[in-house]
Amino acid sequence: MAADGDPLAELTASVRAAAAAVRGGVGEPSAQPRLERSRHQAQGDYSTNAAMLLAPVLGVGPREIAERLGAEIEGLLGEDLDHAEIAGPGFLNLVMTDGWHRRALATVLAAGDQFGAGGAKVCERTVIEFVSANPTGPLVAASGRHAAYGDALARILEHHGHSVWREYYFNDAGNQIRLLGASVQARARGAALPAGGYQGEYVVGLASEIDGSATVDVDVVAARAVELLLAQIKATLVRYGVRFDRFFSERTLREGSPSDLEQALALVEGRGHVYRSEGATWLRTTTFGDDKDRVLVRSNGEPTYLAADVAYLQDKRERGFERQLMPVGSDHHAYVRELKATIAALGGDPETLEAPLIQFVHLVEGGQAAAMSKRLGSFVTLDDLLDEIGVDATRYFMLQRSHDRTLDLDVELARKKSRENPVYYVQYAHARIASMLRRLPDERVAAAVAPDGDWGEAELQVWERDLVKKLAAFPGELAEAAERRAPHRIAGYALELAQVFTSFYENCRVRGAEPETLESQRIALSLATGRTIALALGLLGVSAPDSM
RNA sequence: GCCCCCGUAGCUCAGCUGGAUAGAGCGGUGGCCUUCUAAGCCACGGGUCGCAGGUUCGAGUCCUGCCGGGGGCGCCA
């Protein structure tokens with residue numbers, strides 16, 4: 001079986017080799033033939049669309065090609081293949097032998113915690129910048145979606161074989177920070193908030209926490225408030241299980257002489273993409289597909305947020321990342337075009353920047369959605385949510401749905417410790433496996449999963465075959481999740497694996513199964529499933545408890 | 001007005017870049033506990049895939065136009 005621990009790698013390779021042999025060097029198919037899990041039992045274990053892809057190339061009917069393909073595959077797979085059959089418009093369905101299933105299971109076990117790892121063709125040096133909420137308030141529930149997404153994606157990409165650096169970029173200078181300082185001072189003085197000021201309850205807390213908040217310079221108050229809020233944000237992230245390699249301060253880009261910001265602006269100006277008009281300095285982003293040019297330095301001499309980003313993007317370029325991921329909220333989505341134009345203006349390739357769109361989160365309870373605006377002060381913080389439903393449920397629910405769709409998070413459901421709650425269902429399957437294996441002597445389990453273990457020759461039950469195939473699908477699922485930046489696929493996979501296992505568990509007695517070789521095989525299946533559930537949950541940042 | 005995301009079961013959502021009879025959870029109905037965790041299992045019911053065209057052997061998936069929901073179009077960040 002394949003060295004990389006993918007039980008399907010060999011099968012896929014055989015299908016492609018057979019397709020190539022049938023094609024005999026003639027023409028070029030429109031796509032690589034695919035190996036798919038059959039949806040219905042009558043359609044075998046796996047199927048391939050290769051014949052239908054080759055039909056237009058060879059000018060022969062797909063069913064006739066499928067026949068030749070079947071002959072080739074039979075030769076290549078030997079004893080792994082029970083038989084192949086042609087079906088529908090030209091699918092070739094493959095029915096695998098019990099021996100193949102047992103070998104697949106052995107491959108899963110041999111891979112250990114590296115199961116599904118290293119599928120990336122090349123290792124990309126990747127930086128993922130996420131959350132990046134400004135320290136003008138505590139993290140809100142919506143930030144929990146960004147944090148869960150970015151962190152899970154980072155874990156998935158690493159397991160897939162990329163090198164990932166996690167960064168949190170925060171704005172600690174400029175208008176909003178000044179406004180924060182003024183808001184705190186106003187509270188300290190019992191005065192009215194400035195126009196558009198921060199109204200949250202935490203601002204009152206900061207006013208009393210900061211020494212001399214009513215009297216010292218407002219910039220000092222602002223700096224202290226940022227410090228306190230940033231510490232609070234970091235604490236929340238730690239609690240949430242989200243690790244960053246670096247918190248990048250925007251202010252540092254403005255410090256020194258010349259500052260990084262000044263140097264970056266000089267760089268784009270030297271490349272001829274800067275001009276002055278109406279007293280302001282502009283970046284000609286329209287050269288690179290933006291719909292209008294953007295201001296870098298305001299007419300009052302103050303650099304814009306974009307100016308800082310020019311410097312930040314240049315900084316990342318200089319650090320040699322080959323791929324930049326920057327999940328953004330839908331409210332900031334339009335800004336991505338400016339950033340891509342900026343990269344181009346710096347002489348880089350805008351295609352190296354990817355900005356997956358993260359849609360809003362609505363907390364639902366009794367049909368009521370809570371608003372989450374920092375400035376209006378009516379919000380649910382991430383800490384509130386974690387207090388309410390816990391880290392595991394929060395992360396799982398945040399990752400359950402595709403990131404580019406708005407998410408209705410049902411707090412009432414997430415709080416439940418019952419079968420209705422998918423995260424408990426998955427964790428329960430893991431706990432059940434651990435509990436069952438605990439009742440066996442360690443040596444018994446070790447012998448059952450040893451490379452030379454004997455699993456006998458008994459005909460596999462349908463539940464056993466299904467479980468092996470679900471396990472074997474993991475490397476492919478992981479690759480999809482990584483390549484499509486879609487952690488929710490792992491959440492879906494974990495739920496399905498738990499379902500298939502539970503069905504197996506209800507129908508196939510493990511402990512005490514006769515003969516002993518059958519018990520060994522089922523122990524091996526259970527252990528492999530437990531590990532894979534733990535692996536999948538781990539990629540999502542959700543714990544896999546041994547007892548519940 | 002222009003740009004981006006989304007319309008799939010009563011509800012919340014998957015659907016592997018064009019494949020076979022469109023799936024899951026919840027909710028509903030009906031079964032199943034002397035046996036490894038019933039926090040569970042099994043069965044049944046439930047659909048004009050927003051609408052209308054188009055592309056081809058084949059469309060929930062790709063193209064165009066409508067309709068509906070959300071977001072964005074500052075010298076805010």
Side-chain angles (χ1 to χ4, degrees), chain A residues 30-31 34 36-40 42-43 47 49 52-53 55-56 61-62 87-91 93 132-134 136 171 174-177 179 196 250 278-282 291-292 294-306 308-309 329-337 357-360 362 364 367 397 400-410 413 416-422 424-425 427-429 431-440 473 476-477 479-481 483-484 486 488-489 491-492 495-496 499 502-503 505-513 522 526 547-548:
Chain A
S30 57
R34 267 215 307 264
E36 296 181 325
R37 267 291 304 280
S38 296
R39 271 203 294 261
H40 301 94
Q43 295 168 1
S47 67
N49 60 348
M52 289 182 291
L53 290 174
F91 288 100
N93 295 334
S132 296
N134 287 334
T136 51
N171 179 249
N175 284 337
Q176 296 305 316
I177 300 302
L179 192 56
E250 188 215 321
E278 303 165 50
T281 304
W282 299 72
D291 53 357
K292 60 178 98 161
R294 308 290 170 174
V295 171
L296 287 169
V297 183
R298 302 178 184 108
S299 45
N300 66 7
E302 182 99 10
T304 60
Y305 186 80
L306 177 62
D309 261 335
S330 54
D331 53 340
H332 286 214
H333 193 58
Y335 188 57
V336 173
R337 198 192 298 188
L357 178 65
I358 313 291
Q359 287 284 8
F360 289 172
H362 298 132
V364 176
F397 274 70
Q400 207 180 3
R401 306 305 182 197
S402 178
H403 55 88
D404 58 6
R405 295 181 61 133
T406 55
L407 173 70
D408 286 339
L409 197 165
D410 187 335
L413 176 63
K416 282 185 184 164
K417 308 203 178 220
S418 73
R419 61 169 174 258
E420 300 149 73
N421 184 341
Y424 282 96
Y425 180 88
Q427 291 183 315
Y428 181 65
R432 220 177 199 187
I433 291 166
S435 159
M436 189 253 296
L437 294 177
R438 261 198 307 275
R439 300 175 67 149
L440 289 159
E477 293 283 349
E480 285 288 338
E483 283 156 19
R484 300 176 66 155
H488 75 279
R489 286 173 173 273
L495 183 62
E496 287 165 12
Q499 279 166 345
T502 307
S503 188
Y505 182 83
E506 293 288 337
N507 289 286
C508 299
R509 177 82 198 177
V510 178
R511 287 175 46 240
R522 290 180 175 172
S526 301
S547 64
M548 289 174 73

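Treat the numbers as computed from the prediction; the structure is a model and nothing was measured. By convention in this document, chain letters (A, B, ...) are assigned in the order of the sequence lines, proteins followed by strands, and residues within each chain are numbered from 1.
Judged by distance alone with a 3.5 Å cut-off, no donor-acceptor contact links the side chain of Asp309(A) to the base of A77(B). Judged by distance alone with a 3.5 Å cut-off, a donor-acceptor contact links the side chain of Ser47(A) to the base of A20(B).
Following rounding to the nearest Å, Asp291(A) (CG) and G74(B) (P) show an atom-to-atom distance of 9 Å. Tyr335(A) places its OH atom 14 Å from the P atom of G74(B), with the value rounded to the nearest Å. Between Asp410(A) atom CG and G25(B) atom P there is a gap of 17 Å when expressed in whole angstrom units. Regarding Leu413(A), its CG atom lies at a distance of 9 Å from the P atom of C26(B), rounded to whole Å. Asn300(A) has its CG atom 14 Å from the C1' atom of G74(B), to the nearest Å. Computed from coordinates, the Glu302(A) CD to A77(B) P distance equals 8 Å when rounded to whole Å. Atom CZ in Arg484(A) sits about 10 Å away from atom C1' in G15(B), given to the nearest Å. Rounded to whole Å, atom C1' of U61(B) lies 11 Å from atom CZ of Arg34(A).
Remark: Gln499(A) is in phosphate contact with G25(B), judged by side-chain N or O atoms under 4.0 Å from OP1 or OP2. Listed pair Arg432(A) / A38(B) meets the phosphate criterion, a side-chain N or O lying under 4.0 Å from OP1 or OP2. At U37(B), one or more side-chain N or O atoms of Arg439(A) fall inside 4.0 Å of OP1 or OP2 (strictly under the cut-off). In this structure, Tyr425(A) does not reach the U37(B) phosphate: none of its side-chain N or O atoms is under 4.0 Å from OP1 or OP2. Taking side-chain N and O atoms only, Ser435(A) has a distance below 4.0 Å to OP1 or OP2 of U37(B). For Asn134(A) and A77(B), the shortest distance from a side-chain N or O to OP1 or OP2 is not below 4.0 Å. Side-chain nitrogen and oxygen atoms of Arg39(A) include none within less than 4.0 Å of the OP1 or OP2 phosphate oxygen of C16(B).
Not counting sequence neighbours, the partners of Tyr428(A) by the side chain to side chain contact (heavy atoms under 4.5 Å, CB included) test are Arg432(A), Met548(A). Among residues two or more places apart in sequence or in another chain, the side chain to side chain contact (heavy atoms under 4.5 Å, CB included) test is passed with Arg484(A) by Glu480(A), Ala486(A), Arg489(A). Evaluation of the salt bridge (Lys or Arg N to Asp or Glu O under 4.0 Å) rule for Arg34(A) yields Glu36(A) as partners, not counting sequence neighbours. Take Asp331(A) and apply the salt bridge (Lys or Arg N to Asp or Glu O under 4.0 Å) test, not counting sequence neighbours, and it matches no residue. For Thr304(A), the side chain to side chain contact (heavy atoms under 4.5 Å, CB included) partners at least two apart in sequence or on another chain are Val295(A), Arg298(A), Leu306(A), Ala307(A). For Glu483(A), there are no salt bridge (Lys or Arg N to Asp or Glu O under 4.0 Å) partners two or more places apart in sequence or in a different chain. Not a single salt bridge (Lys or Arg N to Asp or Glu O under 4.0 Å) links Arg401(A) to another residue, sequence neighbours left out.
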### Task
For nucleotides 2-14 of chain B, just jot down a letter per nucleotide in 5' to 3' order: B, S or -, based on protein non-hydrogen atoms under 4.0 Å.
-SSBSSB---BSS

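Among the atoms of the strands shown, only primed sugar atoms or phosphate atoms (P, OP1, OP2) are found under 4.0 Å from some heavy atom of Ser503(A). If you check every strand for non-hydrogen atoms under 4.0 Å, Glu480(A) touches sugar and phosphate atoms only. Residue contacts shown for Ala431(A) include a base, since a base heavy atom lies under 4.0 Å away. Across all strands shown, Phe360(A) has heavy atoms under 4.0 Å from sugar-phosphate atoms exclusively, and none from any base.
Asp404(A) places no side-chain N or O within donor-acceptor distance of the main-chain N or O of Leu357(A), the cut-off being under 3.5 Å.
With no hydrogens or angles considered, a side-chain donor-acceptor pair links Ser330(A) and Gln359(A) at under 3.5 Å.
Distance CG/Asp410(A) to CZ/Phe397(A): 7.0 Å, rounded to 0.5 Å. Separating the CZ atom in Arg439(A) from the CZ atom in Arg511(A) is a distance of 4.5 Å, to the nearest 0.5 Å.
Remark: the separation of the C1' atoms in U17(B) and U61(B) is 8 Å, to the nearest Å. Taking atom C1' in both G27(B) and A9(B), the straight-line distance is 11 Å, to the nearest Å.
You'll find that the side chain of Glu506(A) is closest to C41(B), out of A20(B), G72(B), C41(B). Side chain of Lys292(A), nearest nucleotide from C36(B), G74(B), C75(B): G74(B).
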#### Entry: Which nucleotides of RNA chain B pair, in dot-bracket form (Watson-Crick or G-U under 3.5 Å, | meaning another strand)
(((((((..((((.....[...)))).(((((.......))))).....(((((..]....))))))))))))....

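Classification of U17(B) as syn follows from a glycosidic angle within 90° of 0. Glycosidic conformation, C5(B): anti, with the torsion outside 90° of 0.
Here Tyr305(A) does not count as stacked on C76(B), because the ring centres are not under 5.5 angstrom apart with planes under 30°.
Asp291(A) has a carboxylate O that lies under 4.0 Å from a charged side-chain N of Arg294(A), or vice versa, which qualifies the two as a salt bridge.
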